[in-house]
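Okay, structure first, notes after.
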Amino acid sequence: MMNNKQLADTFTLIANLSEIKGENIYKTLAYRKAADSLMSLGREASEYWKEGKLKEIPGVGAAIAEKIDELERTGRLEFLERLKKEVPVGLVEWLPIPGLGPKRAALIWKTLNITSLAELEAAAKEGKLRNLPGMGAKSEAAILEGIASLGRRSTRLPLGKAYPLAQELCEQLKKVKGVVDAQPAGSLRRMRSTVGDLDILVASRDPAAVMDAFVKLPRVHRVLGRGDTKSSIEFNDGMRAQLWVHPPEKFGTALVYATGSKDHNVRLREIALSRGLSLSEHSFLKVKDDSEIFCATEEEVYKTLGLPWIPPELREDRGEIQAAKANKLPRLIQLKNIKADLQTHSTWSDGKLSMLEMARAAAKRGMKVIAFTDHSVSLGVTGGLSMEDHKKQAAEIRKIQKQLGDSILVLHATEVEIKADGTLDYPDEFLATLDLVVASLHTGLRQPREKVMQRVLNAIRNPHVDIIGHPTGRLIPDREGADIDMEAMLQAAKESGVAMEINAHPARLDLDDVPARRAKELGIPLSINTDAHSESDLDLLFYGVATGRRAWLEPKDVINCWSTDKLLKWLKKRK
DNA sequence: GCCGTTTTCGGCCCGACTGTTTTCAGTCG
């Protein structure tokens, strides 16, 4: 059995090899499309396969369905094995090198008869590339530089790192003379949990001045390209940023273009064409008479297409265009809708502030309810609480509640450890005495799927557990989550009525958008919490909200948006 | 290879930038 990631990787490999082979470009695109589609699918493709419904997956037709079938049945794919014999698989390692695409890879491979990254580097150093047709000394140097940068570059950047950086870049660019506006775009504006590079859009009538400032930013390692309206740079740490500059009257079309996603933009352009318009980052061009329509705002762009404005978090071609056409876009949750923080830590375990300080900080940020979910006893490194400690904590909560008055309601809760043996860290009789129970995995994350699933299902089915905290345990970018059968986990959650968390910490964002959307589809309540260990952690809530927005969540889907009454009733009913 | 409120065949988004060229191919997003 193969999971969606493995299938997507397989089709991406086919796409890359086909492209080097020189196969019809639309075939290549079809494989890439199928790979993307599999990655944004809420359920495992293997489920569709069992039901004989593979072709219901967008981008999967007869040919790709057959290939998935063969992979599911035999674990291998004859088509891919043959392809690998035609095109050496080592060549795909060349493709991430900037300026080296499939055509040149094929040219170098066939003329010089080399297939590995090491051989490519050697050939470039020996000056063997500059004499190939269409290439010269500059291309050769660019390839060498590109190989060197592969080591420097991390893969994708966590949103939590990229977001503040992009804000900072925009602030610097706004100081440049003539700049009217500077906004982050790309996957960062769509708030993906990781981003490939930073995309910045600037409105100005003096693009040259902005370009000058951009390429001279601190820590710039090299300039990858510089034109009249577009430039890109690489920083010392390998991170890349690109900049577009457009005059204010074109800012709307330019922002839509720069925000993407690519697939979303393709859809918009198709709609434009069906209305006799050609859409680019500059304008709508009337096909009939070549006259132009300019849009200073995104709203005007979508309006011209007969659509309501679509929030950036939805722009992934996952049904948002159809929903917009039918006027059925979700009324997405907003930061201000969140009234309760149901996972926080205090000095009772590994938090930095006392409960009183944390509660006041949360109240200051508009929270009406805060739950202290200090760690349970077995998580020793965090100073986990014994049941005896909990009695003292309960007394302390009664005390601070008096001081806090009705500014914020404090819940006595726990983040109880789902231990490696599958049991919870406290007995049921004790859990029953708490206001709220979050159960989480922190240890034994590398256990085999069967074992880890047995643990998680045990926690989900425990009637005292209200929320499953950061369900996969992943840490961005260093640690993959546990080997969870997501569909089985969500089905169990649906049965037990437990809420699934979207942990707002940018190193977690767990659940991520795709499984969270599937949870909503199944009617499972979601809970967006900061997991704050300090006051500043409380300000990370918007990352969780953004992930929820990417999952199409509305206030009714998220227990943190409910009125205090409704939340307390829900908790009581679960006892 | 996928897909269809014109289509089951014939399309499939659009432009910027670079390096190598004398008008364009390759790459990228």
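None of these values were measured; they are calculated from a predicted model.
- On the P atoms, B/dC13 is 25 Å away from B/dT18, given to the nearest whole Å.
- No engagement by A/Thr28 is indicated, since no non-hydrogen atom pair under 4.0 Å with the nucleic acid exists.
- A/Lys5 has a carboxylate O that lies under 4.0 Å from a charged side-chain N of A/Asp9, or vice versa, which qualifies the two as a salt bridge.
- In this structure, the side chain of A/Arg517 does not engage the main chain of A/Leu41 through any donor-acceptor pair within 3.5 Å.
- Across all strands shown, A/Leu279 has heavy atoms under 4.0 Å from sugar-phosphate atoms exclusively, and none from any base.
- Note on A/Asp228: only backbone sugar-phosphate atoms sit closer than 4.0 angstrom, heavy atoms only; bases stay farther off.
- For the contact set between residues 1-20 of chain A and DNA chain B, defined by any heavy atom under 4.0 Å, there are no members.
- Look at the P atom in both B/dT21 and B/dG15: the space between them is 27 Å, to the nearest Å.
- Between A/Ser280 and A/Lys103, the residue anchored closer to the 5' end of DNA chain B is A/Ser280, taking for each the nucleotide with the nearest heavy atom.
- A gap of 13 Å separates the P atoms of B/dT20 and B/dT27, to the nearest Å.
- By the salt bridge (charged side-chain N to carboxylate O under 4.0 Å, His left out) test, A/Lys125 is found to be paired with A/Glu121, residues two or more places apart in sequence or in another chain being considered.
- Partners of A/Thr74 by side chain to side chain contact (heavy atoms under 4.5 Å, CB included), not counting sequence neighbours, listed by chain and number: A/Glu70, A/Arg76.
- The shortest side-chain heavy-atom distance between A/Lys250 and A/Glu281 does not fall under the 4.5 Å cut-off.
- Within 4.0 Å (heavy atoms only), A/Arg226 reaches sugar-phosphate atoms of the nucleic acid but no base atom.
- Comparing B/dG1 with B/dT5, their P atoms sit 23 Å apart, to the nearest whole Å.
- Backbone-only engagement by A/Ala62 is indicated by non-hydrogen atom pairs under 4.0 Å involving sugar-phosphate atoms exclusively.
- Residues passing the side-chain hydrogen bond (donor to acceptor under 3.5 Å, both in side chains) test with A/Arg550 are A/Glu316, A/Asp513, sequence neighbours excluded.
- Ring to ring, A/Phe251 and A/Phe294 are not that close: their centroids are 6.0 angstrom or more apart.
- Evaluation of the side-chain hydrogen bond (donor to acceptor under 3.5 Å, both in side chains) rule for A/Asp557 yields A/Lys520 as partners, not counting sequence neighbours.
- Nucleotide B/dA16 is matched to B/dT27 when pairs are restricted to Watson-Crick or G-U wobble geometry with both distances under 3.5 angstrom.
- Within 4.0 Å of A/Ile97, counting heavy atoms only, lie sugar-phosphate atoms of the nucleic acid but no base atom.
- Using bins of under 30°, 30° to 60° and over 60° for the plane-to-plane angle, the ring pair A/Phe11/A/Tyr31 lands in the parallel bin.
- Of the residues in residues 249-262 of chain A, those placing a heavy atom less than 4.0 Å from an atom of DNA chain B are A/Tyr257, A/Lys262, in numerical order.
- A residue-by-residue look at A/Leu273 and A/Gly225 shows that A/Leu273 has its nearest nucleotide of DNA chain B further toward the 5' end.
- Note on A/Pro133: nothing from the nucleic acid sits closer than 4.0 angstrom, heavy atoms only.
- Residues meeting the side-chain hydrogen bond (donor to acceptor under 3.5 Å, both in side chains) test with A/Arg73, sequence neighbours left out: A/Asp69.
- Legend: residues meeting side-chain hydrogen bond (donor to acceptor under 3.5 Å, both in side chains) with A/Asp206, ordered by chain and number and at least two apart, are absent.
- Heavy atoms of A/Ala137 sit under 4.0 angstrom from primed sugar atoms or phosphate atoms, though from no base atom.
- Distance alone, capped at 3.5 Å, places no donor-acceptor pair between the A/Ser232 side chain and the A/Ala241 backbone.
- Nucleotides B/dC2 and B/dT8, compared at atom C1', are 12 Å apart to the nearest Å.
- You can see that DNA chain B meets the heavy atoms of chain A within a 4.0 Å-exclusive cut from B/dG1 to B/dG29, reading 5' to 3'.
- Residues that satisfy the side chain to side chain contact (heavy atoms under 4.5 Å, CB included) test with A/Arg43, not counting sequence neighbours, are A/Glu47, A/Tyr48, A/Glu51, A/Glu487, A/Arg518.
- The closest side-chain heavy-atom distance from A/Ile200 to A/Cys170 is below 4.5 Å.
- Among residue pairs with one or both ends in residues 291-313 of chain A, those qualifying as side chain to side chain donor-acceptor pair (under 3.5 Å) are A/Arg189-A/Glu298, A/His264-A/Tyr302, A/Ser283-A/Glu292, A/Asp289-A/Ser291, A/Thr297-A/Glu300, A/Glu298-A/Trp309, A/Glu298-A/Arg315, A/Tyr302-A/Arg315, A/Glu313-A/Arg549; sequence neighbours excluded.
- B/dC17 and B/dT22 have their P atoms separated by 22 Å, given to the nearest Å.
- Within residues 63-78 of chain A, the residues approached by DNA chain B to less than 4.0 Å at the level of any non-hydrogen atom are A/Ala63, A/Ile64, A/Lys67, in residue-number order.
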